Amino acid sequence: MNKEEIIYDVLGIGNAIVDVLAKVGDGFLTERNLCKGSMTLLGAREAGEIYNDIIPEGEVSGGSAANTVAGLASLGADCAFIGKVHDDELGQVFKRQVAGAGIDYFTEPLWEGPATGRSIVLVTPDATRSMFTYLGASSRLTEDDIDENLIKVSNVIFLEGYLWDDEQSKKAVKKAADLAHHHNRQVAFTLSDEACVKRHREEIVDFVKNHVDVLFANEDELLALFDETDFMKALDLLKNIVELSAITRDARGSVVVKNRIKIFVEAEKVDEVVDSTGAGDLYAAGFLYGMSKGRSLGTCAMIGSIAASEIVGHYGARPEVSLRGFVRNKLVQYGKRA
């Protein structure tokens, strides 16, 4: 396919989730024996019990890959998304907000069966987010939902690790990756969550090694991927399974690894971390945007850090300002080409 036939910079494929955000104290988690700082899968009844005990700050379209393409769209990239919702009230919320972000979304909804998926995101005073997710309709993503024509006209296919928690969705991911490489498109993949990696470690390692061109992870996810405790050793192991990766380390910045080369980039300074929800998703958005513009890997990581810094300054995983202007102003301050 000729370059001029590309329509989308990035096509995201992931769980179509509506995030329900709430502020709680640490006691809320301990009293209910809820795991802090990771994603826990719940049934509809369990999710309903938590929902009844909180005061929601808001309901925002979410999901890891959806957050990333929303960030990319805010940066000025052309994006599309594949993910499953039910044709219910929350499903309509998801579709309206995705369209409002400037993302093309064509996936046929469910007309019966489980409700639209939701993730109850509980943010404690230390800005740690703990997610309790009912996958609902999002788990009904199948190979039939993978639109080959969308893949053909997209430069990068961005996939999320959370899809590994459902057998149908996992098959859809593999089909998307196979089609992407058949059409000479790049596959980017985010590990999504440490617990998810631990549940499917061997399969995910195999998938990254055979299907992934660009890998995103945080430090804990990377260590889980290799069942390692030594961060530097885990970085060295990356060259055996993927050509390019970007590993985030919260306030310690990020590390870009390309074969044997490691590039350490400082984190963007923020006055206050309010909510870390979506920081990794927006880092990936900034990094992929930099790649789409042919920027150096170090600058890609810098753009990722700047995008993430906007997200952690408020509740929710979607930017509250135009990231395009936000990033441009920061780059100019640092003497970089905007």
Side-chain angles (χ1 to χ4, degrees), residues 1 3 5-15 63-69 71-72 77-83 103-104 107 141-143 145-166 168-193 196-197 200-218 221-222 225 238-248 256-259 280-281 283-294 297 300-301 304:
M1 175 167 284
K3 187 175 181 181
E5 293 180 273
I6 292 291
I7 295 175
Y8 300 109
D9 296 298
V10 178
L11 167 65
I13 303 176
N15 286 327
S64 179
N67 289 337
T68 294
V69 293
L72 277 154
D78 293 316
C79 298
F81 179 72
I82 294 174
I103 302 161
D104 283 346
T107 310
L141 184 73
T142 70
E143 293 175 274
D145 294 308
I146 303 304
D147 187 335
E148 183 172 2
N149 288 325
L150 277 180
I151 289 173
K152 285 170 64 176
V153 297
S154 301
N155 197 41
V156 176
I157 314 305
F158 181 75
L159 307 166
E160 65 175 75
Y162 284 130
L163 291 171
W164 240 256
D165 280 319
D166 181 85
Q168 287 187 121
S169 299
K170 181 167 61 178
K171 290 178 180 178
V173 168
K174 291 179 178 179
K175 177 181 177 179
D178 286 339
L179 286 173
H181 284 155
H182 175 73
H183 293 291
N184 297 314
R185 303 294 176 245
Q186 282 195 305
V187 174
F189 182 63
T190 177
L191 293 184
S192 298
D193 181 76
C196 181
V197 174
H200 311 286
R201 192 178 75 82
E202 290 185 6
E203 284 190 350
I204 290 177
V205 169
D206 181 72
F207 179 75
V208 172
K209 189 171 185 177
N210 292 295
H211 298 280
V212 174
D213 303 298
V214 186
L215 177 69
F216 294 97
N218 65 30
E221 293 158 3
L222 175 66
L225 184 68
L238 279 168
K239 66 179 181 293
N240 299 325
I241 66 167
V242 67
E243 181 179 353
L244 176 62
S245 55
I247 312 301
T248 57
V256 181
V257 182
K258 183 174 175 61
N259 298 320
D281 302 332
Y283 176 91
F287 194 98
L288 290 173
Y289 180 75
M291 286 183 61
S292 75
K293 299 301 179 183
L297 293 178
C300 290

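FYI, the numbering just counts along the sequence from 1. Note that the coordinates shown come from a computational prediction; the quantities given were computed from them, not determined experimentally.
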* Can you tell me if Thr68 uses its side chain to pair, donor with acceptor, with the backbone of Asp281 under 3.5 Å? -> yes
* Contact summary for Leu159 and Ala177, nearest pair of heavy atoms -> CD1-CB, 4.4 Å
* Can you tell me if Thr107 uses its side chain to pair, donor with acceptor, with the backbone of Gly83 under 3.5 Å? -> yes
* Inter-residue atom distance Met291.CE - Cys300.SG, 0.5 Å rounding -> 6.5 Å
* To do: Please name the pair of heavy atoms, one in Tyr162 and one in Asp193, separated by the smallest distance, quoted to 0.1 Å.
  => CE2-CB, 3.3 Å
* To do: Flag the pair Leu141 / Ile13 as yes when at least one side-chain heavy-atom distance between them is below 4.5 Å, and no otherwise.
  => yes
* Asked: Above 12 or not: heavy atoms from other molecules or residues under 6.0 Å from NZ of Lys174?
  -> yes
* What are the two closest non-hydrogen atoms of Arg185 and Lys152, and how far apart are they? -> NH2-O, 2.9 Å
* Asked: Does some side-chain heavy atom of Tyr8 sit less than 4.5 Å from a side-chain heavy atom of Val156?
  -> no
* If you take all heavy atoms of Ala217 and Leu191, which pair is closest and at what distance? -> CB-CD1, 3.5 Å
* Asked: Hey, does Glu148 have a side-chain heavy atom less than 4.5 Å from the side chain of His183?
  -> yes
* Asked: Which heavy-atom pair separates Ser292 from Asp9 by the least distance, and what is that distance?
  -> CB-OD1, 4.4 Å
* Would you please test Leu238 and Leu222 for side-chain contact (heavy atoms from CB on, under 4.5 Å) and show each step? => CA-CA 9 Å; Leu238 279 168; Leu222 175 66; 3.8 Å; yes
* **Atom pair CD1 (Ile204) and NE2 (His211), whose distance is rounded to the nearest 0.5 Å** => 12.5 Å
* Structure fact -> So NE2 of His182 and CD1 of Ile151: to nearest 0.5 Å the spacing works out to 10.5 Å
* Asked: Taking atom CD1 of Ile7 and atom CG of Asn155, what is their separation to the nearest 0.5 Å?
  -> 12.5 Å
* Asked: Got a second to check how far Asn240's CG is from Lys209's NZ, nearest 0.5 Å?
  -> 7.0 Å
* Asked: Hey, are the side chains of Phe207 and Val173 touching, using non-hydrogen atoms and a 4.5 Å cut-off?
  -> yes
* Asked: Is Ile247 close to Glu221 at the side-chain level, that is, under 4.5 Å between some pair of heavy atoms?
  -> no
* Would you please classify the geometry between the Tyr283 ring and the Phe216 ring as parallel, tilted or perpendicular, with 30° and 60° separating the classes? => perpendicular
* Structure fact -> Correct closest heavy-atom pair for Val69 and Val10 would be CG1-CG1, 4.2 Å
* State, yes or no, whether a side-chain contact exists between Asp213 and Leu244 at a heavy-atom distance under 4.5 Å. => no
* Asked: Going through the checks in order, is the side-chain contact (heavy atoms from CB on, under 4.5 Å) test met by Asp165 and His200?
  -> CA-CA 8 Å; Asp165 280 319; His200 311 286; 2.9 Å; yes
* Asked: Under 3.5 Å, is there a donor-acceptor pair between the side chain of Asp178 and the main chain of Lys175?
  -> no
* Roughly how far, to the nearest 0.5 Å, is CD1 of Ile157 from CG of Leu11? -> 4.5 Å
